[in-house]
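This report concerns only the one structure given below.
Values below: every heavy atom of this structure, side chains too, minus hydrogens, waters and symmetry copies. Each chain gets a letter, A, B and so on, in the order its sequence line appears, and its residues count up from 1. On a predicted model such as this, the values are computed, not experimentally measured, just so you know.
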Protein chains: 2
Amino acid sequence: MQNIEMRLLAKPLYLQVRDVLVNRISGGDWRPGASLPNETLLAQQLGISIGTVRKALDIMESERIVTRRQGRGTFVNDFSQQPLFFSNLVTRGGEPLIGQKHCKSVSHGVASEETAFQLDIVPNDAIITVKRVRYHDKRCYMTETCSLPSKKFAHLPEKLGDYRLSELAQMNGIIVGGAEESVSTQPANASDAGDLGIEPNTPVLALERKIFSERGDVLEWRSGRAFLRHERYVVRFV
Amino acid sequence: MQNIEMRLLAKPLYLQVRDVLVNRISGGDWRPGASLPNETLLAQQLGISIGTVRKALDIMESERIVTRRQGRGTFVNDFSQQPLFFSNLVTRGGEPLIGQKHCKSVSHGVASEETAFQLDIVPNDAIITVKRVRYHDKRCYMTETCSLPSKKFAHLPEKLGDYRLSELAQMNGIIVGGAEESVSTQPANASDAGDLGIEPNTPVLALERKIFSERGDVLEWRSGRAFLRHERYVVRFV
DNA sequence: AAGTGGTCTAGACCACAGA
DNA sequence: CTGTGGTCTAGACCACTTT
């Protein structure tokens, strides 16, 4: 398949195949929801064995990039209309909490020292800042300030204030890979209190979250304050 | 390998192999830290192909039951001296927080309605209740009340108050499979306040955690209150 | 009936660790 | 040098879905 010299330096073939397929998906060769060529065909096109293709697809399935269905095919996952896999606020019943977003402001500016550090960019790089609140059962349960590195998002939706990161990433050929959230309890400031309908200094959950791309780049930094009643913050480890 | 009739009803062979190996580990055939027979030998002993054995071991590795090292072998993981994989309290530096446990009380009793519900047993089943506090940097940062179903833990360590669940499970041939934690903010009660060295009603993080075995049984239910300064509660999603 | 992914097998060869 | 897990190949057959 390749020179021996190449093989010694390179990643395993199945990882290379994974990268090739992921890049073709990012590049738009196969849109979200579309089906990939069947495994036999992929193997022929790449000039490798079907077992190696299957191993690459196994990885991509575990990364939530594709879904395989016996008898039907392999499909590119479409997250544009779903919450991302790590939504940790759940309703009393345990379903992911899908609140309604109300945008309070959208601004295009430059990164402060702190924001640049969080987004892993340099100060004064262009960023987009969105402030909004979230409602569920007619109650505002959360305020959030989101920062995005402008450089990664050339294409923006018309109503930027209501963006879903899953949708925004998809529009820009970016695959979401993971997230990290830090939880603490802090007193509500005057602005939070007004939004959440509580007294200032009432303790709320402070949620600081970074979302990463499949390559490890920071896509969004969010600082949120939540005042929960029936909703819960739940984490599962498997 | 088997009758066709058997095959139609059964799980895939590699899952059966996984179950066989897991049961042999639970049963003590291979102790934590020990090495399994090599893949070729396992395949011969089970009368199956090496590829199928490898797929079973792949799963067991992803379940954190074994570790494979090229050139050395496959080893049963030993968690007796480590924190479990889902320790979410981290120091300022980001390392898992390994606090010192100070036991306040150990009692053998029966489950209340609530505890039985949480542990998925019936009320009045025997349980063990351990109350303790945790220190880090000479400061008490957390109080916890842990409930364990007695039935699952026939073997108990001498100093039960200081138990690590990872160790306790291992002693009883149980493999830890996962956990679920619910986070909220609540005011400290008088007892918490005394332990944590804070004023009553100071908001603290309330951590309610269930730990499950690899089979899905509840092994421990813990209700904790944490007052964090430099430590943080962090969750990673991948 | 045709096409897809899923399971299982068999064997060659590579990379790493330790005696 | 020997033994281990890791990679890659090739092919048979099964189970599921759609035509």
[X]: what forms a side-chain contact (heavy atoms from CB on, under 4.5 Å) with it, not counting sequence neighbours?
{"X": "E114(A)", "answer": "S112(A), Q118(A), W221(A)"}
{"X": "P12(B)", "answer": "Y14(B), L15(B)"}
{"X": "V90(A)", "answer": "R232(A), V234(A)"}
{"X": "R24(A)", "answer": "V20(A), D29(A), W30(A)"}

- prompt: Taking for each residue the nucleotide of DNA chain D bearing the nearest heavy atom, is the 5' side occupied by D58(B) or by I50(A)?
  reply: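 In this pair, the answer is D58(B).
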message: According to salt bridge (Lys or Arg N to Asp or Glu O under 4.0 Å), who are the partners of K138(B), at least two apart in sequence or on a separate chain?
response: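 Checked K138(B) against salt bridge (Lys or Arg N to Asp or Glu O under 4.0 Å); zero matches.
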task: Give a yes/no on whether any side-chain N or O of Y14(A) is located under 4.0 angstrom from OP1 or OP2 of dT7(D).
output: yes
message: Is there a side-chain contact between K55(B) and the phosphate of dT7(C), meaning an N or O under 4.0 Å from OP1 or OP2?
response: yes
Sequence neighbours excluded - ring pair (Phe, Tyr, Trp, His ring centres under 6.0 Å) pairs with any residue from residues 147-181 of chain B: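 Qualifying pairs: none.
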statement: Residue pairs meeting ring pair (Phe, Tyr, Trp, His ring centres under 6.0 Å), one or both in residues 38-97 of chain B, sequence neighbours left out, come to F237(A)-F86(B)
Protein-nucleotide distance ([X], atom [atom1]; [N], atom [atom2]), rounded to Å:
{"X": "L46(A)", "N": "dC8(D)", "atom1": "CG", "atom2": "P", "value": "13 Å"}
{"X": "L57(A)", "N": "dC8(D)", "atom1": "CG", "atom2": "P", "value": "14 Å"}
{"X": "F75(A)", "N": "dG5(C)", "atom1": "CZ", "atom2": "P", "value": "8 Å"}
{"X": "K11(A)", "N": "dG6(D)", "atom1": "NZ", "atom2": "P", "value": "18 Å"}
{"X": "I59(B)", "N": "dG6(C)", "atom1": "CD1", "atom2": "P", "value": "13 Å"}
{"X": "L42(A)", "N": "dG5(C)", "atom1": "CG", "atom2": "C1'", "value": "12 Å"}

So which protein nitrogen or oxygen atoms get under 3.5 Å of nucleotides 2-4 of chain C's nitrogens or oxygens?
residue, atom, partner, partner atom, Å
dG3(C), N2, G71(A), O, 3.2
dT4(C), OP1, N38(A), ND2, 2.8
dT4(C), OP2, N38(A), ND2, 3.0
dT4(C), O2, G71(A), N, 3.2

SB check E63(A) R18(A) (cutoff 4.0 Å):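 Looking at E63(A) and R18(A), the cut-off is met.
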From [options], pick the nucleotide closest to the side chain of [X]?
{"X": "R54(B)", "options": "dG5(D), dG5(C), dT9(D)", "answer": "dG5(D)"}
{"X": "R68(B)", "options": "dC8(D), dG5(D), dC8(C)", "answer": "dG5(D)"}
{"X": "L13(A)", "options": "dT9(C), dC8(D), dT7(C)", "answer": "dC8(D)"}
{"X": "S49(A)", "options": "dT7(C), dA10(D), dT9(C)", "answer": "dA10(D)"}

query: Under 3.5 Å, is there a donor-acceptor pair between the Q82(B) and N77(B) side chains?
result: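 There is no such pair between these side chains.
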message: Please give me every residue in residues 19-30 of chain B whose heavy atoms get under 4.0 Å of an atom in DNA chain C, ordered by residue number.
response: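 Heavy-atom contacts with DNA chain C come from no residue of residues 19-30 of chain B; none.
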